[in-house]
Amino acid sequence: MILPTVDEIRALHERYAPSDEALDLVFTHCEIVSGIAEQLVAQTDLPVDADLVRVGALLHDIGVYRLYDQAGHIDHRNYIRHGVLGHEILHEEGFPERLRRFCSCHTGVGLTRHDVRNQGLGIPEADYLAETVEEQLVMYADKFHSKTNPPTFLTADTYAARVEKFGEDKVQAFGLLRARFGEPDLTSVRVRYGHAQV
């Protein structure tokens with residue numbers, strides 16, 4: 001599989017972003033997640049395709065652009081759909097399923113068809129679970145940065161506390177990722193981007 005370059009991915013973001021502000025928010029987040037994932041790759045002994053992780057991280061949130069309204073605001077009520085929307089965008093662009101899954105399988109610590117049905121999530125009933133090491137790394141790295149206004153970095157403890165409201169199974173899933181991949185050092189990336197940590 002031939003992977004797109006960083007420049008090609010940025011051009012894709014530019015094509016779908018409805019505004020410069022949206023591009024700055026979403027693409028910067030994807031760059032941050034890519035950097036965090038790169039750090040996690042460097043500290044793991046697991047066999048990992050680092051290039052695939054980088055590409056997956058840079059693509060994972062492209063579906064957010066389809067949630068912007070005419071006024072330039074994100075439709076937070078339907079935010080759960082951004083992964084599926086990203087999967088659709090990459091399908092329309094001719095990307096292989098292996099790359100499309102980074103979009104649809106990174107939300108939270110994974111969504112099961114049971115989650116979708118019981119919570120009425122408004123996405124097709126299916127399992128949206130990170131399966132490969134690369135998918136798991138991108139999903140996990142994503143938990144350490146939030147596109148809030150203003151954007152913030154999260155510690156592992158902060159995210160663990162936030163995921164409690166979704167059930168003990170989600171707490172355990174995050175704990176397994178944490179044990180498997182360790183925790184990133186957010187110091188340098190916080191300084192580079194100037195976002196606060198919570």
Side-chain angles (χ1 to χ4, degrees), residues 4 6-37 55-93 95 99-111 115-126 128 130 138-155 158-166 170 174 186 189-198:
V6 173
D7 288 343
E8 289 168 338
I9 294 171
R10 182 175 175 89
L12 188 68
H13 276 264
E14 290 172 349
R15 208 158 62 243
Y16 282 92
S19 67
D20 290 342
E21 293 78 15
L23 177 68
D24 183 55
L25 180 69
V26 176
F27 190 71
T28 299
H29 167 74
C30 290
E31 283 183 321
I32 289 170
V33 171
S34 178
I36 293 170
V55 167
L58 291 173
L59 290 170
H60 81 280
D61 260 356
I62 198 156
V64 173
Y65 297 129
R66 287 200 169 159
L67 291 171
Y68 277 86
D69 63 21
Q70 295 283 344
H73 301 110
I74 296 175
D75 176 4
H76 291 286
R77 287 178 301 117
N78 287 304
Y79 191 77
I80 195 73
R81 299 187 66 235
H82 79 282
V84 172
L85 295 171
H87 191 280
E88 288 175 4
I89 287 172
L90 296 189
H91 178 72
E92 291 164 10
E93 292 287 336
F95 282 75
L99 295 183
R100 299 193 306 250
R101 285 182 50 82
F102 284 102
C103 296
S104 55
C105 298
H106 79 272
T107 303
V109 288
L111 297 171
D115 296 327
V116 174
R117 182 175 43 246
N118 285 4
Q119 296 175 41
L121 295 181
I123 56 177
E125 196 174 303
Y128 303 94
V138 170
M139 179 180 69
Y140 181 60
D142 183 47
K143 307 294 92 80
F144 293 95
H145 187 259
S146 176
K147 296 183 297 297
T148 50
N149 185 14
T152 54
F153 287 98
L154 289 77
T155 65
T158 301
Y159 187 81
R162 287 187 179 183
V163 81
E164 280 181 20
K165 66 182 174 186
F166 297 109
K170 302 302 183 188
F174 182 70
L186 300 175
V189 72
R190 273 187 10 239
V191 170
R192 179 178 175 195
Y193 290 95
H195 300 165
Q197 179 173 296
V198 295

Test salt bridge (charged side-chain N to carboxylate O under 4.0 Å, His left out) applied to Arg66 - qualifying residues, sequence neighbours left out: Glu88, Glu92
Taking atom [atom1] of [X] and atom [atom2] of [Y], what is their separation to the nearest 0.5 Å?
| X | Y | atom1 | atom2 | answer |
| --- | --- | --- | --- | --- |
| Glu21 | Asn149 | CD | CG | 11.5 Å |
| Leu99 | His91 | CG | NE2 | 14.0 Å |
| Leu186 | Arg192 | CG | CZ | 14.0 Å |
| Leu67 | His76 | CG | NE2 | 9.0 Å |
| Asp69 | Asp75 | CG | CG | 7.5 Å |
| Leu58 | Ile9 | CG | CD1 | 5.0 Å |

Any donor and acceptor pair, going by atom type alone, linking the side chain of Lys170 with main-chain N or O of Leu111 inside 3.5 Å? no
Hey, is the main chain of Val198 close enough, under 3.5 Å, to the side chain of Thr158 for a donor-acceptor pair? yes
Taking all atoms of both residues into account, what is the closest heavy-atom pair of [X] and [Y], and its distance?
| X | Y | answer |
| --- | --- | --- |
| Arg15 | Glu93 | NH2-OE1, 2.7 Å |
| Ala160 | Val163 | O-CG1, 3.3 Å |
| Gly108 | Tyr159 | CA-OH, 3.6 Å |
| Asp115 | Gly110 | OD2-O, 3.9 Å |
| Ile80 | Thr107 | CD1-CG2, 3.8 Å |
| Ile62 | Cys103 | CG2-SG, 4.1 Å |

Side-chain heavy-atom pair [X], [Y] within 4.5 angstrom cut-off:
| X | Y | value |
| --- | --- | --- |
| Gln197 | Thr155 | yes |
| Leu12 | Phe95 | yes |
| Phe102 | Val138 | yes |
| Tyr65 | Leu23 | yes |

Please indicate whether [X] has more than 12 foreign heavy atoms, meaning atoms of other residues, nucleotides or ligands, lying under 6.0 Å from its [atom1].
| X | atom1 | value |
| --- | --- | --- |
| Arg117 | CZ | yes |
| Arg81 | CZ | no |
| Tyr193 | OH | yes |

Extract all donor-acceptor atom pairs below 3.5 Å that involve side chains of residues 25-33 and protein atoms in other chains or at least two apart in sequence.
residue	atom	partner	partner atom	Å
Thr28	OG1	Asp24	O	2.6
Thr28	OG1	Asp24	OD1	3.3
His29	ND1	His145	ND1	2.9
His29	NE2	His60	NE2	3.3
His29	NE2	Asp61	OD2	3.2
His29	NE2	Asp142	OD1	2.8

Could you walk me through whether Ile74 and Lys147 satisfy the side-chain contact (heavy atoms from CB on, under 4.5 Å) test, starting with their C-alpha distance in whole Å, then the side-chain angles of each, then the deciding distance to 0.1 Å, before giving a yes or no? CA-CA 11 Å; Ile74 296 175; Lys147 296 183 297 297; 5.7 Å; no
Please work out which of the three classes, parallel, tilted or perpendicular, describes the rings of His106 and His82, given edges at 30° and 60°. perpendicular
Would Ile123 and Tyr128 count as a side-chain contact (heavy atoms from CB on, under 4.5 Å) if you check the C-alpha gap in whole Å, the side-chain angles of each, and the deciding distance to 0.1 Å? CA-CA 10 Å; Ile123 56 177; Tyr128 303 94; 3.5 Å; yes
